[in-house]
Structure formats: structure tokens, C-alpha cells
Amino acid sequence: EVQLVESGGGLVQAGRSLRLSCATSGFTFDDYAIGWFRQAPGKEREGVSCISKSDSSKYYADSVKGRFTISSDSAKKMVYLRMNSLAPDDTAVYYCAVDKASYGSSWSFCRGWHSAHWGQGTQVTVSS
């Protein structure tokens, strides 16, 4: 059974940083694209950043490029999202997700083209 457990969310002031963590289990970690999505109230879910070890690719949404960094640890089966220079527009529930199909690209996975397993989400609130 695939399990994804997010942690690290919270309330921060604009300009500060947070690091989200996703503990994973139940699948061969390096064979699947994995990443972070977010959903703000009244908005559609969007892919924030994804990583694929199978094609060595990383994807970042334009809105977070230069501010967010995705990384992973295959030995620990962990995925991280370092978020710097946070802004109120970054306020959302952040979800960790893994592609249901193996060997996909980070780009297509983050664009929402693939079915995924989802974590329960962690709230990030950025105050101005």
C-alpha cells in the first residue's frame, strides 16, 4: 500500500522560509515521479514542483521558480520542498503525490496528466 505523509507546514510571515517533508512507503522510490501540489481556497490544484529519478528531471511552476527547491533522499524514501521568500499567494494546502505509472517525467506529472497517490496534505499559511 502506497503511503505518503507530509509534515512541516505552518504559519509564517512573508519573506520567511519553510521546508516540507514527505515520508513515503509502499513503492520502489526511484521508479516513480513524485512531487508537491497545492490548492488554495477557491482555486484549482496546481503542480508546484516534481522530480523524476528515472529521467533525472525536475519541474517547477513559474510562480515558484527561484524560490522553491525540491529534493529527495532515495535511501530514506523522503521528498522535500524548501520554500524561500514565501508570499501570501503561497498560502495553500500542500500535498505530496506520487505517480501511479512508473518512469514518468516530472513535467507531465506536475502538469496533472497522470493519476496519482496522494498524501493528506499540510497547511501552509503566509501572513503579510
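The first residue of the sequence shown is numbered 1, and numbering continues consecutively from there. None of the values given here were measured: they were computed from a predicted structure.
A chain of hydrophobic side-chain contacts below 4.5 Å, direct or via other Ile, Leu, Val, Met, Phe, Trp or Tyr residues, connects I51 to V2. Under a hydrophobic-cluster definition in which Ile, Leu, Val, Met, Phe, Trp and Tyr are linked whenever side-chain heavy atoms come within less than 4.5 Å, directly or via other members, F109 and L81 are assigned to different clusters. Note: the hydrophobic cluster containing V64 does not contain Y95 (ILVMFWY, side chain heavy atoms under 4.5 Å, direct or indirect links).
At a threshold of 4.5 Å between non-hydrogen side-chain atoms, the residues V12 and T125 do not count as touching. Side-chain contact check for V48 versus Y60: every heavy-atom pair is 4.5 Å or farther apart. By the 4.5 Å heavy-atom criterion applied to side chains, R16 and L86 are not counted as neighbours. Using a 4.5 Å heavy-atom threshold, the side chains of M78 and C22 count as separate. F29 places none of its side-chain heavy atoms less than 4.5 Å from the side chain of V98. When side chains are defined from C-beta on, I34 does not count as touching D99, because their heavy atoms never get closer than 4.5 Å.
The aromatic rings of F37 and W118 stand perpendicular to each other, their planes meeting at an angle above 60°, with 30° marking the opposite boundary. Below 30°, between 30° and 60°, or above 60°: for Y59 and W107 the angle between ring planes is above 60°, a perpendicular geometry.
Across all their heavy atoms, S74 and D30 have their closest contact at OG-OD1, 2.6 Å. Across S63 and R38, no two heavy atoms sit closer than the pair OG-NH2, 3.4 Å. Counting all heavy atoms, side chain and backbone alike, Q123 lies closest to T91 at NE2-CG2, 4.0 Å. Between L20 and M83 the shortest heavy-atom distance is CG-CE, 3.7 Å. Closest non-hydrogen pair, C96 versus E6, comes out as N-OE2, 2.8 Å. Annotation for C110 and S49: closest pair SG-C, 3.4 Å, computed over non-hydrogen atoms.
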Self-check item: Derivation and outcome, side-chain contact (heavy atoms from CB on, under 4.5 Å), residues S108 and H114
Solution: CA-CA 7 Å; S108 58; H114 303 178; 3.1 Å; yes

Quiz prompt | Derivation of the side-chain hydrogen bond (donor to acceptor under 3.5 Å, both in side chains) call for S105 and D55 | solution = CA-CA 7 Å; S105 77; D55 68 355; 4.7 Å; no

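With rounding to the nearest 0.5 angstrom, the CZ atom of R67 is 13.0 Å from the CZ atom of R82. Residue S72 holds its OG atom at 13.0 Å from NZ of K77, rounded to the nearest 0.5 Å.
Side-chain atoms of S106 and S52 form no donor-acceptor pair, as typed in the model, at a separation below 3.5 Å. For the residue pair Y80 / R19, no side-chain donor-acceptor distance below 3.5 Å is found, with atom types taken as modelled. Judged by distance alone, the side chains of N84 and S17 do bring a donor and an acceptor atom under 3.5 Å apart.
D31 has no carboxylate O lying under 4.0 Å from a charged side-chain N of K53, or vice versa, which leaves the two without a salt bridge.
A donor-acceptor pair under 3.5 Å links the side-chain atoms of T122 to the main chain of G9, judged by distance alone. Counting only distance, with no hydrogens or angles, the side chain of S115 and the backbone of K100 share no donor-acceptor pair below 3.5 Å.
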